[in-house]
Each structure stands twice: as structure tokens, then as C-alpha cells.
Amino acid sequence: MRAASETTLIPVLPTPSPQTFVEWFRSAAPYIHAFRGRTFVIACGGEVIADGRFVSLSHDLNLLAALGVRIVLAFGTRAQIDERLKERGHRTRYRDGVRITDALALRYVKEAIGAVRAEIEALLSTGLPNSPMAGADIRVTSGNFVTAKPLGVLGGTDMLHTGEVRSVDGTGLRAALDSGSIVLLPPLGYSPTGEMFNLTVENVAARAAIALKAHKLLFLVDTVGVERARGGLIRELPVNEGERLLRRSRKVAEDIHLYLPHALEACRGGVERVHLINRHLDGALLLELFTREGVGTMVVRHALDHLRDATIADVGGVLALIAPLEADGSLVKRGRELLEMEIERFSVVEHDGMIVGCAALYPYPDAKAAEMACLAVHPDYRDAGHGGNLLGVIEARARAQGIERLFVLTTRAAHWFIEHGFTEAHVEALPADKRAMYNWQRRSKVLFKRLGSLSDLISRGLRNQARQAPT
């Protein structure tokens, strides 16, 4: 269905050391628990079959099925159709990357789909001893789950037997999944009048994911994912930013231009996460699903970072976050009991269910001062601006309580605080109660920041507006 796109080859990752494997496996446990019983729609083009990569993909699908994931596999046949047409000297015509399917092409579409489906079923049925499929008991089913309609005439071009999804039988798909089967969805749809239409795999996959309200939709694409204009992978892409990227960027890879609109459609339709991952990377599916950073681009309806007040349910997450900093002496050690008593003083940054940042406010009302304590951000998220965001929230909370000066005690982060408006002061500047508890063995640096009142900030903002107004 799609025109050929450039490929990006990625080397196979080296075998990890035993300790690395153990650490990874432990870190994967939360994902294993979270994915059990969830529905994933996985989409791959016919190139995955043509270049032999479906063998390793079948092993990964077997593992997901063994972990209790309900799998719908949508597959394409572009490479196989092109090969058949080329052998017979039939020129392939496309419009906007979509095949114009005439009567002869439709004949080869049916041939290719039958051949690819048989090969997928054979590979998923392999149960050889001493192989990743040993003991596999995977049932595979397919059917007329997709109702299609013709694309019709686009820009003066009759698309003939090329169509698009009209509807997907979500009830039928769920019944097949309930039976324990992996469901195969070919790029073919049928009309109520018995006509047959050639479809794109991305259209079928997105609409199936929406019909099932799937937990995840995963596209195996030819590129590493969605990249920034100046290079570098975008690991998390909210829908509104994805829409802007498609409107404004001229450097989006051809494969991304084909898949990203359907990823955005699926998110808007209720799918929680859509992933664009590189089909050339061995094990990409597992690396994307079971590592925190992933290897591709994850499209989400809204940004996953959430800054909020902490609750008692966050105690475990905060303890896990600050434990390394307590171990190296950057933070004063807090026990669980103390943290439970003081958790209402904390603000946290949550990323996709994980606590990745925290900070606490301890006011000294008589001195109109307050301490910001226990500022911590997970090492993997320190470039995301969470430290500055937490400081902003703590400052706002302090102002709301009539606090005029915010102070911190730090042994290693003085420069960061100075960059954010703090100035170094003597221990004697601390409120009397805090000064009495100062640990002279730690010799923490004392830094203050004058906040001013909320009315002062508003007045300052109005003065700045007046200065900038035209005369």
C-alpha cells in the first residue's frame, strides 16, 4: 500500500553482563505487572517478513503472550505486492504514498496477504526445543473483522480498489482475544455489498486499537522514531505537539508522515499510548516496553509529567527517589515514619506513575521565612526542568503563607541555587529555631532568596508592562 521509504540500520545490542541483566529484569517487574491482561495492537509492514526479521519478532510476541498480554497483530504486504507486480512487468502507481489498486493489483494483493498470513501463522506455531518458542502454545485466528469503503476519487485520481476502514468489529475481536488467540488483521476489508478493498496497515491498526480501547498501539517503522529538526529522538510526543510538527516541519521522515497521523488519531480516539519504534533494531519491542527510557517515540494525549501535592501513597516513591542521595550524603536521612508524618509538606513530580522529583516546604512563620528541603530529581529526568518547576511551586506555596524569605541548606548544589536567585548567607541569618538545629559537622552552605509578596509580584509585572507599552 505504501511507497518505499529509506531505512536506518541500527546495530544489534551487545549481550549484557549477568548483573546488568538482573538489574534490568528487576526494573522490568512493574511493567510486567501493568501489562498483564492488557490489549496491545502491534503493526508491522510486509518488509518485516520479506527481510526475515519476523523470526525474532515472533519470539518477542511469544514472550508477551506468555506474560498475559492480549495481542492483535496487523500486518502489511507492500513488499510482497511490489515483488509480484514487478515480476509481471506491471507498473505500480501511487498517490500521496498510497497504492492505486487496479483489478490486477487487487489479485496480487489477495495472493500476497494469503502468503504472508500463512508464513506468520507458521512462525507463531513453531515450538522447537532449545529455542525461544519452546513450549509455545499460541493460537492464531483471523476473520472478517474490518468493514471497508472505497477511497473514491482523490484529486482527480480514481483510487479504484483502494479503500479505508469504515468500521471494526470490536466485539468480535474481543471474543477472539478472550479465547487466548493472537488475532491477525490483514490490510484487507470488505464492504456490505461483498466488495474487497486494499487498505493500509496503519489505518487498520489505528482503527482496531480505537475499537478495542487498546492500552497500546505499536508501529514498527523504518526510522528510529520521530526526530527533532536538528536531530535527536523525541521520546515523548503529546498529541498537540505532534500536530504542530506535521504542520510545520518539512524534515519529517517519509515513514513518520505515514504513521504519525494515525498515531495521533488513535490517541484522540482513546488509546492510551502509541509507540513508533525501529523495526531494524533487534528486540526493539521489548526494549520499548520494558525499559524506562524506551528506544522509540511514544505519542500520548497529554504530557506525562504531573506536578502535584504529595499524598501518603507517595511515601514509597519518595523514599526510593531520595535513597541514593541520602547514601552519598547529599541529603539528610529521613526514615519512613518521619516521611509519613511530614508528607503533606512535599510536592512531587510524577512521570507516568513514577515519582521522579520532590521537594518540601518547612515554614518558620515568626521569622517570615521558610526552608525548602529535600529537593531531589531522578538522574534520568534532570534535563527536563523539574528542579526549576519544583522550586516555583515551593515559592508559590511560601508566598501564599506570607513567607518573605526562602532558604536552603546544601552541601553540593549551591551553584544551582545561586543560578536560581539565591545568595549565600551566614548561619546566623537562619531563624533561631533552625539555627539551633544546624549540623556543624555537615557544614552545609546556607542560601537565601527574597520572595516578596504576591502583590509585589503583580505590581512588578504591571510596571514591566507599562515600560514595554508603546508611547
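All values derive from a computational prediction rather than experimental measurement.
- Sorted by first and then second residue, the ring pair (Phe, Tyr, Trp, His ring centres under 6.0 Å) pairs involving residues 310-362 (not counting sequence neighbours) are His351-Tyr381.
- Salt bridge status for Arg53 with Asp282: absent, with no side-chain N to carboxylate O gap under 4.0 Å.
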> Passes salt bridge (charged side-chain N to carboxylate O under 4.0 Å, His left out), Glu428 versus Arg435? Steps please.
Replying inline: CA-CA 7 Å; Glu428 294 300 318; Arg435 188 167 63 246; 3.6 Å; yes

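- Contact between Ala310 and Val348 at its shortest, heavy atoms only, is CB-CG1, 3.8 Å.
- Using modelled atom types, no side-chain atom of Ser181 and backbone atom of Leu177 make a donor-acceptor pair closer than 3.5 Å.
- Under 4.0 Å is where a charged nitrogen must lie from a carboxylate oxygen, and between Glu47 and Arg279 no such pair does.
- Annotation: side chain of Phe407 is in contact with side chain of Pro431 (closest heavy-atom distance under 4.5 Å).
- Minimum interatomic distance between Val274 and Cys267 (heavy atoms only, all atoms of both residues): CG2-SG, 3.8 Å.
- Side-chain N or O atoms of Asp255 include none that pairs as donor or acceptor with a backbone N or O of Val221 at under 3.5 Å.
- Electrostatic pairing of Arg308 and Asp314 counts as a salt bridge here, judged by a charged N lying under 4.0 Å from a carboxylate O.
- Side-chain N/O atoms of Glu350 and His306 include no donor and acceptor closer than 3.5 Å.
- Considering only heavy atoms from C-beta on, Leu319 comes within 4.5 Å of Leu339 through its side chain.
- By the 6.0 Å contact criterion, CD on Glu337 is open, its count of non-hydrogen atoms from other residues, nucleotides or ligands being 12 or less.
- Across every non-hydrogen atom of Ala208 and Val41, the tightest pair is C-CG2, 4.5 Å.
- A donor-acceptor pair under 3.5 Å links the side-chain atoms of His378 to the main chain of Asp380, judged by distance alone.
- The pair Arg292-Asp352 does not meet the salt-bridge criterion, since no charged nitrogen lies less than 4.0 angstrom from a carboxylate oxygen.
- With Lys449 as the fixed residue, the salt bridge (Lys or Arg N to Asp or Glu O under 4.0 Å) test singles out one of Glu404, Glu395, Glu419, Glu371: Glu395.
- Under 4.0 Å is where a charged nitrogen must lie from a carboxylate oxygen, and between Glu243 and Arg268 at least one such pair does.
- Here the side chains of Leu218 and Leu289 are in contact, with some heavy-atom distance below 4.5 Å.
- The two residues Leu233 and Thr297 make their nearest non-hydrogen contact at CD1-OG1, 3.4 Å.
- Two residues are said to be in side-chain contact when any heavy atoms from C-beta on lie closer than 4.5 Å; Thr411 and Arg442 meet this criterion.
- The number of heavy atoms from other shown groups lying within 6.0 Å of CG (Asp178) is above 12.
- In Met341, the CE atom is not crowded: 12 or fewer heavy atoms of neighbouring residues, nucleotides or ligands sit closer than 6.0 Å.
- Between Lys445 and Glu424, at least one side-chain nitrogen of the basic residue sits less than 4.0 Å from a carboxylate oxygen of the acidic one, meeting the salt-bridge criterion.
- Across all non-hydrogen atoms, the minimal contact from Glu288 to Gly296 is OE1-N, 2.8 Å.
- Using a 4.5 Å heavy-atom threshold, the side chains of Val349 and Cys358 count as separate.
- Counting all heavy atoms, side chain and backbone alike, Pro187 lies closest to Gly76 at CG-CA, 4.1 Å.
- The ring of Phe35 has its center closer than 6.0 angstrom to the ring center of Phe40.
- Within the 4.5 Å cutoff, the side chain of Arg382 has no heavy atoms near those of the His386 side chain.
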